Novice: 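Below are the structure tokens for one structure; questions will follow.
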Amino acid sequence: MTVSRRQAVREGWLHRVAVTVCRDERGRILVHRRSEQLSRFPGLYEVVVGGAVDVGESYEQAAARELAEELGIRVLPRLLFTFINRSGLSPHWLGVHEAVVPDTVAADPDEVAWHGRLTEPELRSALLEWRFTPDSHEAFSRYLAFRTARS
């Protein structure tokens with residue numbers, strides 16, 4: 001049986017979401033503010049770009065599709081890890097990716113109201129001061145721990 005993400009969230013069923021931490025050549029991280037029209041977390045900031053994984057789609061395919069839809073870029077993100085994320089609207093498997101993205105992106109205004117790039121220290125400060133989505137906090141803290149463990 002196939003159900004929509006909306007139904008999975010409403011029923012509290014596990015579903016898959018693919019997100020990508022987008023860095024530029026200098027290591028700065030792309031941060032964006034969600035459009036006010038979005039049904040989930042309108043106007044909140046995000047450290048990751050992503051969305052639901054379709055049936056039959058891999059995490060990597062979904063992450064690449066979301067980057068094309070939301071930022072207008074074609075890159076192949078690298079899956080770093082997955083975990084069950086219990087923050088947010090309902091529990092879901094979160095596949096966290098990383099990609100180096102170009103300086104110029106064509107953000108979809110229906111999804112992205114603003115975007116910019118922050119260094120890790122700037123982002124750590126912003127996470128304390130700005131209103132970010134629950135996924136952003138959880139995914140970024142695990143992303144930093146993953147990178148620290150790998151270095």
Side-chain angles (χ1 to χ4, degrees), residues 3-24 26-54 57-144 146:
V3 299
S4 68
R5 181 178 185 190
R6 174 171 283 134
Q7 183 179 359
V9 168
R10 185 176 59 244
E11 300 293 338
W13 296 333
L14 276 175
H15 54 286
R16 296 184 305 147
V17 175
V19 297
T20 303
V21 175
C22 298
R23 294 179 160 276
D24 64 15
R26 295 184 296 281
R28 296 176 306 165
I29 298 167
L30 186 133
V31 174
H32 71 278
R33 188 168 49 80
R34 296 171 60 83
S35 168
E36 294 292 341
Q37 297 106 256
L38 293 173
S39 61
R40 291 179 208 80
F41 307 112
L44 268 58
Y45 289 90
E46 283 200 291
V47 176
V48 293
V49 174
V53 179
D54 291 336
E57 191 176 39
S58 70
Y59 281 107
E60 292 92 339
Q61 290 167 328
R65 176 179 46 77
E66 290 289 340
L67 288 170
E69 290 173 4
E70 294 184 25
L71 300 180
I73 56 174
R74 304 240 180 256
V75 298
L76 208 56
R78 182 172 61 100
L79 179 63
L80 303 177
F81 57 90
T82 61
F83 69 98
I84 295 181
N85 186 10
R86 299 195 185 282
S87 63
L89 298 175
S90 70
H92 53 278
W93 279 101
L94 195 63
V96 179
H97 301 74
E98 181 178 55
V100 175
V101 300
D103 286 340
T104 304
V105 297
D108 177 354
D110 291 337
E111 302 257 354
V112 178
W114 169 90
H115 68 279
R117 296 175 190 268
L118 301 176
T119 64
E120 279 189 25
E122 290 169 338
L123 181 51
R124 288 175 200 264
S125 294
L127 282 162
L128 299 173
E129 297 169 19
W130 304 354
R131 291 185 56 226
F132 278 84
T133 63
D135 278 3
S136 286
H137 285 281
E138 187 69 24
F140 191 64
S141 67
R142 288 178 184 245
Y143 170 77
L144 290 176
F146 177 86

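The shown structure was predicted, so the numbers you read here are calculated from the model rather than taken from an experiment. Atoms considered below: every heavy atom in the structure, side chains included; atoms not considered: hydrogens, waters and symmetry mates. In what follows, residues are counted from 1 in the order of the sequence shown.
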Novice: Rounded to the nearest 0.5 Å, what separation is found between the CG atom of Leu30 and the CD1 atom of Ile73?
Specialist: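 Output value for this atom pair is 8.0 Å.
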Novice: Side chains of His32 and Leu71: closer than 4.5 Å at any heavy-atom pair?
Specialist: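 Side chain of His32 against side chain of Leu71, heavy atoms only: no contact under 4.5 Å found.
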Novice: List the atom pairs, donor and acceptor, that lie under 3.5 Å between side-chain atoms in residues 105-114 and the rest of the protein, sequence neighbours left out.
Specialist:
residue	atom	partner	partner atom	Å
Asp108	OD1	Asp110	N	2.9

Novice: I want to check something: taking the side chain as every heavy atom from C-beta on, are Leu94 and Val19 in contact at a cut-off of under 4.5 Å?
Specialist: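 In short, these two side chains touch, coming nearer than 4.5 Å.
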Novice: Less than 6.0 angstrom from the centroid, inside 45 degrees of the normal: does Arg142 satisfy that with respect to the ring of Phe81?
Specialist: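 No, cation not above the ring by the 6.0 Å, 45° rule.
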Novice: What's the separation between atom CD in Glu60 and atom CZ in Arg78, rounded to the nearest 0.5 Å?
Specialist: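 Atom-to-atom, Glu60:CD and Arg78:CZ are 11.0 Å apart.
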Novice: Please name the pair of heavy atoms, one in Tyr59 and one in Val17, separated by the smallest distance, quoted to 0.1 Å.
Specialist: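 What the structure gives for the nearest pair is CE2-O, 3.6 Å.
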Novice: Could you check if a side-chain atom of Trp130 sits within less than 4.5 angstrom of a side-chain atom of Val31, using non-hydrogen atoms only?
Specialist: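 Heavy-atom side-chain distance check passes, below 4.5 Å.
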Novice: Is any NZ, NE, NH1 or NH2 atom of the basic residue among Arg34 and Glu70 found under 4.0 Å from an Asp or Glu carboxylate oxygen of the other?
Specialist: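 So Arg34 does not pair with Glu70 through a salt bridge.
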Novice: Could you go through Arg23 and Glu120, starting from their C-alpha distance and side-chain angles, then the distance that decides it, and tell me whether this counts as side chain to side chain contact (heavy atoms under 4.5 Å, CB included)?
Specialist: CA-CA 10 Å; Arg23 294 179 160 276; Glu120 279 189 25; 2.4 Å; yes
Novice: What are the two closest heavy atoms between Ala62 and Ala52, and how far apart are they?
Specialist: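 Looking at all heavy atoms of both residues, the closest pair is CB-O, 4.3 Å.
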Novice: Is the backbone of Val47 close enough, under 3.5 Å, to the side chain of Ser136 for a donor and an acceptor to pair up by distance?
Specialist: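 Judged by distance alone, yes, a pair lies under 3.5 Å.
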Novice: Working to the nearest 0.5 Å, report the span between CZ of Arg40 and OG1 of Thr133.
Specialist: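 Those atoms lie 12.0 Å apart.
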Novice: Considering non-hydrogen atoms only, spot the tightest contact between Asn85 and Glu138 and give its length.
Specialist: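 Here Asn85 and Glu138 meet closest at OD1-CG, 3.5 Å.
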Novice: Quick one: closest heavy-atom pair of Glu122 and Thr119, and the distance?
Specialist: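 Between these two residues, the closest heavy atoms are OE1-N, 2.8 Å.
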Novice: At their closest point, which heavy atom of Leu44 faces which heavy atom of Phe132, and how far apart are they?
Specialist: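 Answer, listing the atom of Leu44 first, then Phe132: CD2-O, 3.7 Å.
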Novice: Mind running side chain to side chain contact (heavy atoms under 4.5 Å, CB included) on Leu118 and Ile29 for me, showing each step along the way?
Specialist: CA-CA 5 Å; Leu118 301 176; Ile29 298 167; 5.6 Å; no
Novice: Can any side-chain N or O of Thr20 pair as donor or acceptor with the backbone N or O of Cys22 at less than 3.5 Å?
Specialist: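 Pair absent, no side-chain N/O of Thr20 close to backbone of Cys22.
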Novice: Determine whether a donor-acceptor pair (N or O, by modelled atom type, separation under 3.5 Å) exists between the side chain of His97 and the backbone of Gly95.
Specialist: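 Yes; judged by distance alone, with no hydrogens or angles, the pair exists.
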Novice: With side chain to side chain contact (heavy atoms under 4.5 Å, CB included) as the criterion, how do Leu127 and His137 come out once you've worked through the C-alpha distance, each side chain's angles and the decisive distance to 0.1 Å?
Specialist: CA-CA 7 Å; Leu127 282 162; His137 285 281; 3.7 Å; yes
Novice: Where is the tightest heavy-atom contact between Val53 and Glu57, given as atom of each residue plus distance?
Specialist: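 It is CG1-O, 3.2 Å.
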